[in-house]
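We count ligands from 1, going down the list as the structure has it; atoms in each ligand are counted the same way. None of these values were measured; they are calculated from a predicted model.
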Amino acid sequence: MQLHIFPGLNDLSVAVADWMVETIKTTLQHKNRCTLVLSGGNTPKKLNALLCSPAYIDKIDWAKVHIFFGDERFVPLNDERNNAKLALDTLLHHVPVLKQNIHIMRTEGISPEDAAAAYETILQSYFPSHTAGEEKSFDIVLLGMGDDGHTLSLFPGKTDVIDETKKLCTSLWLQAQDMYRVTLTHPIVNKAANIAFLTNGTGKAASLQQVLKGSYQPYMYPSQIIQPLNGQLHWFVDEAAAALL
Ligand SMILES: O=C1O[C@H](COP(=O)(O)O)[C@@H](O)[C@H](O)[C@H]1O
């Protein structure tokens with residue numbers, strides 16, 4: 001695991017943008033596509049703005065990048081809480097990514113269970129060797145961590161979802177937010193080649209301390225379950241989040 005600490009979200013976002021440029025370039029040197037998982041929440045907004053800015057837009061061969069989502073809030077695509085809406089509005093509508101290569105988790109005209117199953121079908125078509133070897137999972141997974149230590153939609157206490165190993169994607173009801181969620185499960189994420197957490201702000205300091213320095217308690221701090229099998233794990237954090245490390 002590599003921990004990178006920056007003064008604030010601006011520097012952190014620049015570092016992640018540079019890391020993405022290099023990682024995508026390296027990936028495309030040995031294959032003709034790069035699969036990238038985006039996270040939701042507020043943290044990626046600055047990164048997204050950078051990636052579609054004149055300084056960065058031409059540094060990534062977007063036509064070869066295939067976009068996935070780590071999790072989705074089960075609200076319509078035009079709802080401000082929808083993770084795909086954020087990514088479309090702040091990044092994907094502004095870079096030359098191919099429309100057919102953007103794979104959002106459906107939230108309309110379908111049940112949460114069926115949306116998760118439909119996403120799993122897409123994943124199986126990308127990674128048919130998931131159980132047989134070769135390309136098993138994504139090239140890059142970007143993750144956030146909530147103040148409570150959740151990542152993806154793996155929330156503290158949601159033991160069935162945290163433990164899920166048979167499905168690549170599943171759904172859950174989150175009483176605290178009065179909504180369903182759809183989420184990748186830990187096995188496919190942990191088979192990724194590169195995983196990067198983006199974490200900032202004092203509100204995350206206590207959980208970050210437990211996740212990185214505490215004993216292994218994934219039911220309390222689900223971010224701990226993200227441990228790549230063979231890939232690289234990076235934590236990009238700001239000084240406020242790192243204050244208790
Ligand atoms: O609800 C969610 O929260 C996490 C963390 O979001 P942040 O606003 O603290 O950055 C996010 O990674 C996840 O995708 C999202 O669904």
May I ask you to identify the nearest protein heavy atom to [atom], giving residue, atom name and distance to one decimal place in Å?
| atom | answer |
| --- | --- |
| atom 6 (O) of ligand 1 | Gly41 CA, 3.5 Å |
| atom 9 (O) of ligand 1 | Lys204 NZ, 2.5 Å |
| atom 3 (O) of ligand 1 | His150 NE2, 3.1 Å |
| atom 11 (C) of ligand 1 | Gly40 O, 3.6 Å |
| atom 8 (O) of ligand 1 | Asn42 N, 2.7 Å |
| atom 16 (O) of ligand 1 | Asp71 OD2, 2.6 Å |

**OP:** Take Trp19 and His4 through the side-chain contact (heavy atoms from CB on, under 4.5 Å) test and state the conclusion after the steps.
**Re:** CA-CA 11 Å; Trp19 174 81; His4 315 270; over 6 Å; no
Subject >> Ion pair check, Asp61 and Lys25, cut-off under 4.0 Å >> reply: no
Subject >> Basic-acidic side-chain contact under 4.0 Å: Asp71, Arg181 >> reply: yes
Original post:
Which pair of heavy atoms, one from Arg81 and one from Arg73, lies closest together, and at what distance?
Top reply: O-CD, 2.8 Å
Original post:
For atom 7 (P) of ligand 1, which candidate among Thr199, Thr43, Val37 holds the nearest heavy atom?
Top reply: Thr43
Original post:
Which of these, Met179, Lys45, Arg73, has its nearest heavy atom closest to atom 15 (C) of ligand 1?
Top reply: Arg73
**OP:** Considering the heavy atoms of Gly144, write down every atom of ligand 1 situated less than 4.0 Å from one of them.
**Re:** 12 (O)
Original post:
Which atoms of ligand 1 are found less than 4.0 Å from any heavy atom of Asn83?
Top reply: 14 (O), 15 (C), 16 (O)
**OP:** Treat each ILVMFWY residue as a node, draw an edge where side-chain heavy atoms are under 4.5 Å apart, and state whether Ile104 and Leu98 are in one component.
**Re:** no
Original post:
Mind checking whether His66 and Phe68 have side chains closer than 4.5 Å, heavy atoms only?
Top reply: yes
**OP:** Anything under 30° is parallel, anything over 60° is perpendicular, the rest tilted; go ahead and classify Phe138 against Phe127.
**Re:** perpendicular
**OP:** Look at the rings of Phe155 and His150 and say which category their plane angle falls in: under 30° parallel, 30 to 60° tilted, over 60° perpendicular.
**Re:** parallel
Original post:
Does ligand 1 have a heavy atom under 4.0 Å from the side chain of Met145, from its backbone, from both, or from neither?
Top reply: backbone
